[in-house]
Amino acid sequence: MNQDQLHRIATAMVQPGRGILAADESSGTIKKRFDAIGVESTEDARRDYREMLFRSDEAMKKNVSGVILYDETIWQKAKDGTPLVKLIEAAGSLPGIKVDEGTQPIVGSPNELITVGLDKLAGRLAKYYEQGARFAKWRAVIDIGVGLPTWTCVKLNAHALARYAALCQQANIVPIVEPEVLMDGAHDIARCEEVSQWVLQTVFQELYDQRVFLEGIVLKPNMVIAGKKSPVQASVEDVARATIRVLKRTVPSAVPGIAYLSGGQSDTDATAHLDAMNRIGGFPWKMTFSYGRALQAAPQKAWSGKEANVPAAQKAFSHRARMNGLASLGQWTAALDKAG
Ligand code: 13P
């Protein structure tokens, strides 16, 4: 393991003003996104769409430190034959790869999910490194409900995340450790705080037990936020304060950075929350974004599968990337966002 390289890459991923584009939707998920804009999800359409994003010069050069790819994309070539990975590198951004293989019901708690994909992971990581991947992602999902999550779910997922992280580091790949407490459901922000704290505390215990090099990871957590169906929604300030409070209680300061998932928040909520946290400050880590939906919803809509819409889609993407870049510095304003 090359600890210097891992630390250097992890630090680059969370550098101020920049964040991560999560473009690693599985074939099933991207189909859902394309259905919503009336585009058939063919291999070429997925390539065209992602090529459009990676050729968005302004966003990629100024505000995107890294791109998480799905297995199909890391091997794909742009229309002119250039590997998509090379487009990302040419923009000064780092290619990364989603390596989990989705979820399965937990034996003994079938309403909860365990993320799978550890078998043969070491071999896959070596191939991804050769292809240019310098970081990876593994997402665990934790649902809040009546009697949920169970300790079984929290413990199993934390163990798998740490096992994945250790294997990544052995392959000189920075692991993004993503334990996502879902914002589906009707729970309030206090319940999300309680569960998020439990999950993060357990994850860091497992990372410690499995001797993961904390200076060479990036944490990708949910923000502490009320469930979508909760009648009481917390203010931006409350979300920011509760999230910082939980992270301070659970995340060692050796970790270089936190890159949040957007998890179904609106584009501007995701940006406003990140900005509010960076304005409050007083924590030891960099805090930035690793958004999927909150970066791509606008460009997807603008693109709608039409070549003629590429410039408009790139403009929409660059705008969201710039807004989130500003939020990573605590310099975003709603007025700037509206100005477009
Ligand atoms: P969202 O920002 O859409 O939650 O996606 C981020 C991600 O990578 C989820 O695994």
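Both ligands and their constituent atoms are indexed starting at 1 by order of listing.
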For Ser290, the ligand 1 atoms with a heavy-atom partner under 4.0 Å come out as 6 (C)
Ligand 1 to Gly292, heavy atom cutoff 4.0 Å, flagged ligand atoms 1 (P), 2 (O), 3 (O), 5 (O), 6 (C)
Walk me through it: do Arg163 and Asp209 pass the test salt bridge (Lys or Arg N to Asp or Glu O under 4.0 Å)?
-> CA-CA 10 Å; Arg163 180 87 189 107; Asp209 289 349; over 6 Å; no
Margin query: Ignoring hydrogens and geometry beyond distance, is a side-chain donor-acceptor pair present between Tyr291 and Gln296 at under 3.5 Å?
Written below: no
Can you find a pair of side-chain heavy atoms, one from Met60 and one from Val67, that are under 4.5 Å apart? yes
Worksheet entry | N or O contact, Ser262 vs ligand 1, cut-off under 3.5 Å | yes
Ligand 1 to Lys220, heavy atom cutoff 4.0 Å, flagged ligand atoms 6 (C), 7 (C), 8 (O)
Original post:
Phe34 ring centre to Arg46 NZ or CZ under 6.0 Å, with the angle to the axis within 45°?
Top reply: no
Salt-bridge criterion met for Glu25 and Arg293 (N-O under 4.0 Å) | no
- prompt: Has Gly263 got any heavy atom lying under 4.0 angstrom from an atom of ligand 1?
  reply: yes
Would you say the side-chain atoms of Thr152 and Glu112 include a donor-acceptor pair closer than 3.5 Å?
-> no
re atom 10 (O) of ligand 1, the protein heavy-atom contact at minimum distance is Lys137 NZ, 2.5 Å
Numbered in order shown, the ligand 1 atoms found under 4.0 Å of a heavy atom of Tyr291 are 2 (O)
Among Glu178, Gln296, Arg293, Lys98, closest by heavy atom to atom 9 (C) of ligand 1 is Glu178
